[in-house]
2 protein chains.
Amino acid sequence: MLPAEKSEILKKSLIFSSLNEEELSGLAGLSVERSFQPNEFVFWEGDEADYFYVIAQGRIKVVKHASSGKEFIIAFFEPGEMFGEVAVFEGKPYPASAQALSASKVLGINRQNFLDFLATRPKVALRIINILGGRLRDAQGRLKDLAGERVEQRLAHILLMLASRMGNTLPFTRQELADMAGMTTETAIRLTGGLSERGIIRTSRGQLVILDEAKLRALAEGPPTV
Amino acid sequence: MLPAEKSEILKKSLIFSSLNEEELSGLAGLSVERSFQPNEFVFWEGDEADYFYVIAQGRIKVVKHASSGKEFIIAFFEPGEMFGEVAVFEGKPYPASAQALSASKVLGINRQNFLDFLATRPKVALRIINILGGRLRDAQGRLKDLAGERVEQRLAHILLMLASRMGNTLPFTRQELADMAGMTTETAIRLTGGLSERGIIRTSRGQLVILDEAKLRALAEGPPTV
DNA sequence: CGCCTATTTGAAAACCGTCAAAGTATGTGG
DNA sequence: CCACATACTTTGACGGTTTTCAAATAGGCG
């Protein structure tokens with residue numbers, strides 16, 4: 001990949017939108033390109049964290065494994081988004097694993113180089129604070145759901161969250177939804193089946209379309225028995 | 001409170017440890033002191049977020065309420081720690097409520113003033129990135145637990161996390177532990193009862209002492225049936 | 001001493017996970 | 001182009017974990 005292409009990719013990322021061309025190419029010079037096949041892992045939980053990543057193309061999921069072996073999906077990321085940053089900013093091993101879902105290209109940015117870069121770019125630092133704040137907010141909302149809500153409401157919240165980021169057509173299997181909502185695949189299927197019958201969503205293999213966001217929102221907030 | 005006292009409090013906080021005296025007093029000038037009675041709320045979920053806070057004295061808990069009315073405790077904070085920052089850095093309403101547990105004093109720092117301050121203090125920004133990263137890591141670990149582990153393992157994880165921050169004597173009621181681990185008070189009592197019988201912990205009203213951290217760790221990792 | 005909150009115990013029921021088996025898209029290789 | 005392998009989807013029955021509901025005890029503070 002040419003340096004100019006790297007700059008182009010970084011520029012599209014929200015994190016670096018405040019940088020000028022010169023700064024972008026400086027950062028591009030610090031970055032390393034890596035490519036991954038579908039299902040290949042970018043890093044594993046516990047690995048030394050020397051790099052964080054910005055996605056150039058493809059989709060990445062970040063997961064943790066429970067002691068039972070069950071997988072929990074922390075997040076999906078798309079081109080322009082960063083991942084692996086928690087570990088890098090803390091200087092500790094990665095707290096989760098990252099796996100490519102499709103053929104993917106990412107730019108890896110070295111921890112120490114980036115920290116040095118940040119020390120003179122307060123705007124970028126503020127942007128990162130912003131992004132981390134948003135992720136923390138999401139995480140806290142999900143914590144509350146997992147701790148206190150029933151499966152149906154958990155799934156509804158997940159669908160609404162995904163819809164707000166990606167639109168009403170969601171490219172996820174029921175298994176993936178289940179792993180995000182902390183339930184089994186069977187339960188996710190039964191729930192989506194029920195929602196389909198009520199005309200709230202439409203499902204096909206590996207995809208789910210939200211038809212009636214208002215009803216879904218009502219479901220997410222209160223129990224169906226009003 | 002005198003400006004010098006404010007500086008003193010800020011200085012003790014990890015966030016501002018890189019500041020010199022002059023910077024500290026500048027920041028102290030931007031801060032407002034507020035006092036709270038036990039059980040009084042510092043802010044409510046959904047309030048406009050103009051300030052974030054550093055604790056001078058007392059203990060604060062940050063909570064969210066599920067649709068059922070059940071309370072979920074996101075975190076407890078002690079003197080020197082900051083809270084309410086997620087909302088401030090995002091410019092959105094508070095995502096949770098903050099309640100004083102004991103008579104408390106806090107320093108409130110205005111959002112816009114602080115963002116201006118940060119724009120010329122990259123070290124403080126990096127420290128905040130660090131703290132947010134740590135909180136995000138914690139939150140992700142708890143997400144995985146809530147999604148995939150049984151109550152006993154969830155409780156064990158919570159106890160270990162608290163112990164690593166506060167030592168082996170934990171000043172929490174079973175109700176509070178239950179609200180952190182996403183279970184009912186009755187379940188928390190039954191579980192702690194079992195742990196006491198096995199000599200792993202000792203409990204009294206509003207307090208829990210960890211006696212055998214190794215056994216607790218074993219419990220947290222794997223199912224009890226080895 | 002009295003009130004409020006925390007702790008305790010028990011029994012019943014609900015929710016959801018587990019297990020098993022089968023059907024159905026998608027893509028691959030012959 | 002068909003056959004097959006692989007993943008995703010579907011359905012049913014059962015059982016266990018945890019919540020729910022109820023009632024009683026006990027500790028601490030004014």
Side-chain angles (χ1 to χ4, degrees), chain A residues 37-39 61 66-73 99 101-103 145-156 158 170-197 201-209 219 223-225, chain B residues 37-39 61 66-73 99 101-103 145-156 158 170-197 201-209 219 223-225:
Chain A
Q37 299 300 314
N39 298 324
K61 74 174 175 186
S67 57
S68 63
K70 230 171 82 171
E71 178 169 303
F72 176 71
I73 298 178
Q99 187 176 15
L101 290 172
S102 51
D145 290 343
L146 284 169
E149 309 285 2
R150 301 273 126 127
V151 282
E152 188 172 49
Q153 288 160 50
R154 296 215 299 267
L155 181 65
I158 293 283
L170 304 175
F172 299 103
T173 66
R174 319 305 170 75
Q175 169 138 213
E176 288 169 335
L177 293 173
D179 288 342
M180 284 187 259
M183 61 185 67
T184 60
T185 308
E186 294 92 329
T187 298
I189 286 170
R190 281 186 254 262
L191 289 174
T192 52
L195 293 177
S196 291
E197 278 178 16
I201 62 172
R202 182 159 41 84
T203 65
S204 56
R205 189 186 181 87
Q207 181 176 289
L208 184 154
V209 182
L219 240 179
T225 49
Chain B
Q37 301 299 313
N39 298 323
K61 74 174 174 187
S67 58
S68 63
K70 229 171 82 173
E71 179 170 302
F72 176 71
I73 299 179
Q99 186 176 16
L101 290 172
S102 52
D145 289 344
L146 284 169
E149 309 286 1
R150 297 272 127 116
V151 282
E152 189 172 48
Q153 287 161 49
R154 296 214 300 266
L155 182 65
I158 292 285
L170 303 174
F172 298 103
T173 66
R174 319 304 170 75
Q175 169 139 213
E176 289 169 334
L177 293 173
D179 288 343
M180 283 186 261
M183 61 186 68
T184 60
T185 308
E186 292 92 330
T187 299
I189 286 171
R190 282 186 254 261
L191 288 174
T192 52
L195 293 177
S196 291
E197 278 177 17
I201 62 172
R202 180 159 41 82
T203 65
S204 55
R205 190 187 179 84
Q207 183 176 287
L208 184 153
V209 182
L219 241 178
T225 49

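Convention: sequence-line order gives letters A, B, ...; per-chain numbering from 1. When reading the values below, keep in mind they use all heavy atoms of this one structure, side chains included, and skip hydrogens, waters and symmetry mates.
- At least one side-chain heavy atom of A/M183 sits less than 4.5 Å from a side-chain heavy atom of A/L191.
- In this structure the side chain of B/R154 reaches within 4.5 angstrom of the side chain of B/L146, judged on heavy atoms.
- When the P atom of C/dT5 is taken as reference, atom CD1 of B/I189 falls 16 Å away, rounded to whole Å.
- Although no hydrogens or angles enter the test, the distance criterion places a donor-acceptor pair under 3.5 Å between the side chain of B/E149 and the main chain of A/S67.
- Ranked by how close their nearest DNA chain C nucleotide is to the 5' end, A/G182 and B/T203 are led by B/T203.
- OP1 and OP2 of D/dT18 both lie 4.0 Å or more from every side-chain N or O belonging to B/T187.
- Rounded to whole Å, atom P of D/dA7 lies 14 Å from atom CD of A/E71.
- The nucleotide whose nearest atom lies closest to any side-chain atom of A/T173 is, among C/dA6, C/dT8, D/dT9, D/dT9.
- Qualifying side chain to side chain contact (heavy atoms under 4.5 Å, CB included) partners for A/T184, counting only residues two or more places apart in sequence or in other chains: A/E186, A/T187.
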For this session: Report the C-alpha distance between A/L195 and A/L219 in whole Å, list the side-chain angles of each, state the deciding distance to 0.1 Å, and finish with yes or no for side-chain contact (heavy atoms from CB on, under 4.5 Å).
Result: CA-CA 10 Å; A/L195 293 177; A/L219 240 179; 3.5 Å; yes
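- When the P atom of C/dT5 is taken as reference, atom CG of B/N39 falls 9 Å away, rounded to whole Å.
- A/G206 comes within contact range of the sugar-phosphate backbone alone, with a heavy-atom separation under 4.0 Å but no base atom that close.
- A/L195 has its CG atom 16 Å from the C1' atom of D/dT9, to the nearest Å.
- Computed from coordinates, the B/E197 CD to C/dT8 P distance equals 11 Å when rounded to whole Å.
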What pairs of nitrogen or oxygen atoms, one from the protein and one from nucleotides 21-28 of chain D, lie under 3.5 Å apart?
| residue | atom | partner | partner atom | Å |
| --- | --- | --- | --- | --- |
| D/dC21 | N4 | B/E186 | OE2 | 3.2 |

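- Regarding contacts with the backbone of D/dT19, a side-chain N or O of B/T184 is found under 4.0 angstrom from either OP1 or OP2.
- As rounded to whole Å, 17 Å separates atom P of D/dT18 from atom CG of B/D179.
- The side chain of A/R150 approaches D/dT20 more closely than any other nucleotide in the set D/dT20, C/dT7, D/dC8.
- The only member of A/R202, A/E197, A/R174 that meets side chain to side chain donor-acceptor pair (under 3.5 Å) when paired with A/T192 is A/R174.
- For A/E176, there are no salt bridge (Lys or Arg N to Asp or Glu O under 4.0 Å) partners at least two apart in sequence or on another chain.
- One interatomic measurement links the two molecules: CG of A/L155 to P of C/dC15, which rounds to 17 Å at whole-angstrom precision.
- Atoms CD (B/E152) and C1' (D/dT19) sit 17 Å apart, rounded to a whole Å.
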